[in-house]
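Quick notes on the structure that follows.
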Amino acid sequence: MSAVLAQSPVLRPMRMSEVKAIAAIERTVYSHPWTAGNFRDSLQAGYSCWVLECAGEIVAYGVLMIGVDEAHLLNLSVAKEWQRHGLGRQLLQDFIEIARRCDVQRIFLEVRPSNTAARALYRQTGFHEHAVRRSYYPAAVGREDAILMMRRLGGEQGEEGNR
Ligand SMILES: CC(C)(COP(=O)(O)OP(=O)(O)OC[C@H]1O[C@@H](n2cnc3c(N)ncnc32)[C@H](O)[C@@H]1OP(=O)(O)O)[C@@H](O)C(=O)NCCC(=O)NCCS
């Protein structure tokens, strides 16, 4: 039987005290996970780090690096047991809204070509494939390319003219 969310998830800032717990989730969803230190560094660098919490449990989290005109989504993850409940889409929309409020014009992210679930989510959310970064990720054997995806923000015209 698939799990049911007890309450609507609430978006709140990630806390330094929970980077180990987040790294534990991370290890269950990635072959090459971020460490607690990566999340600590992101918080210390002032990146926009958020979690979705539901009934006291972190169900999703992510990290957005915001620059002057551009933002880079560095991490977007949903805990294994809560995947396919719409949380990835919800958190991605939250990050887009955060970026918009910071007057960001374009959001970039990298995704593995093999990550069909994430690529489908990003495409549905208005991202398009912008470039390929060769041998970007470590892989089980050798390295894997990254697809660099991009979405324009701003006026509706900007979002339609997404190239
Ligand atoms: C990718 C990820 C963030 C998606 O989050 P999610 O909460 O499971 O996805 P949602 O329920 O919000 O689904 C949104 C869309 O994503 C796509 N999707 C999600 N899971 C999918 C799957 N297993 N297979 C195919 N498409 C999938 C679908 O297009 C889906 O839309 P639909 O339900 O209308 O078909 C989540 O699977 C995850 O954390 N994966 C591991 C970490 C990761 O790969 N992060 C991205 C790194 S770039």
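Whatever order the structure lists them in is the order used to number ligands and atoms, beginning at 1. Positions are given from 1, in the same order as the sequence printed here. These numbers come from a predicted model, not from an experiment.
- In terms of protein heavy-atom proximity, atom 7 (O) of ligand 1 is closest to Gly88 N, 2.7 Å.
- Residues Arg89 and Gln124 bring a donor and an acceptor atom of their side chains to less than 3.5 Å of each other.
- Ranking the protein heavy atoms by distance from atom 16 (O) of ligand 1 puts Leu121 CB, 3.4 Å first.
- Looking only at protein heavy atoms, the nearest one to atom 40 (N) of ligand 1 is Gln83 NE2, 3.6 Å.
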Next on the checklist: Run Tyr122 and Ile147 through side chain to side chain contact (heavy atoms under 4.5 Å, CB included) and show every step you take.
Outcome noted: CA-CA 11 Å; Tyr122 297 141; Ile147 298 173; over 6 Å; no

Item to check | side chain to side chain contact (heavy atoms under 4.5 Å, CB included) assessment of Leu153 paired with Gln105 | outcome: CA-CA 5 Å; Leu153 304 181; Gln105 301 298 311; 5.9 Å; no

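- Protein heavy atom at the shortest distance from atom 11 (O) of ligand 1 is Gly86 N, 2.8 Å.
- Residue-to-ligand polar distances keep Trp82 apart from ligand 1: every N/O pair is separated by 3.5 Å or more.
- For the residue pair Glu110 and His72, a side-chain donor N or O sits within less than 3.5 Å of a side-chain acceptor on the partner.
- Residue Glu144 is tested with Ser31, Ser135, Ser114 for a side-chain hydrogen bond (donor to acceptor under 3.5 Å, both in side chains); the sole match is Ser114.
- Between the side chain of Asn38 and the main chain of Thr35, a donor-acceptor pair closer than 3.5 Å is present.
- When only non-hydrogen protein atoms are considered, atom 26 (N) of ligand 1 lies nearest to Ala117 CA, 3.7 Å.
- The distance criterion of under 3.5 Å between nitrogen or oxygen atoms is not met by Ala120 with respect to ligand 1.
- A salt bridge does not link Arg40 to Glu18: none of the charged nitrogens lies less than 4.0 Å from a carboxylate oxygen.
- The protein atom (non-hydrogen) at minimum distance from atom 47 (C) of ligand 1 is Tyr30 OH, 3.6 Å.
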Next on the checklist: Is there a side chain to side chain contact (heavy atoms under 4.5 Å, CB included) between Met14 and Leu43? Walk through the geometry before answering.
Outcome noted: CA-CA 8 Å; Met14 188 184 291; Leu43 285 163; 4.3 Å; yes

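- For Val29, no nitrogen or oxygen atom sits less than 3.5 Å from a nitrogen or oxygen atom of ligand 1, counting backbone and side chain alike.
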Checklist entry - Stepwise, does the side chain to side chain contact (heavy atoms under 4.5 Å, CB included) test hold for Leu52 with Val10? => result CA-CA 5 Å; Leu52 282 180; Val10 174; over 6 Å; no

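- The proximity of Tyr137 to ligand 1, defined as any non-hydrogen pair under 4.0 Å, does not occur for either the backbone or the side chain.
- Taking distance alone, with nitrogen or oxygen atoms compared against 3.5 Å, Ala118 stays at or beyond that limit from ligand 1.
- A donor-acceptor contact shorter than 3.5 Å is absent between the side chain of Arg27 and the backbone of Pro33.
- Nearest protein heavy-atom neighbour of atom 29 (O) of ligand 1: Gln124 NE2, 3.0 Å.
- Near Ser77, the atoms of ligand 1 lying under 4.0 angstrom from a non-hydrogen atom of the residue are 39 (O).
- Within a 4.0 Å radius of atom 2 (C) of ligand 1, the protein contributes no non-hydrogen atoms.
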Next on the checklist: Set out, in order, the CA-CA distance, both residues' side-chain angles and the distance that settles ring-ring contact (aromatic ring centres under 6.0 Å, His included) for Phe108 and His130, then state yes or no.
Outcome noted: CA-CA 9 Å; Phe108 292 91; His130 184 68; 5.7 Å; yes

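- The protein heavy-atom contact nearest to atom 45 (N) of ligand 1 is Leu76 O, 2.8 Å.
- For the atom pair CZ of Arg134 and CG of Asp145, the computed distance is 4.5 Å after rounding to the nearest 0.5 Å.
- The closest non-hydrogen atom to atom 35 (O) of ligand 1, taken over Arg112, His85, Gln90, Arg84, comes from Arg84.
- Near Glu110, the atoms of ligand 1 lying under 4.0 angstrom from a non-hydrogen atom of the residue are 48 (S).
- Comparing heavy-atom distances from atom 14 (C) of ligand 1 across Arg123, Arg119, Arg89, Gln93 singles out Arg89 as nearest.
- Between the side chains of Tyr61 and Glu26, at least one donor N or O lies within less than 3.5 Å of an accepting N or O.
- Between Val111 and ligand 1, no pair of N/O atoms sits closer than 3.5 Å.
- The shortest N or O to N or O distance between Thr116 and ligand 1 is not under 3.5 Å.
- Some N or O of Asn115 is nearer than 3.5 Å to an N or O of ligand 1, by distance alone.
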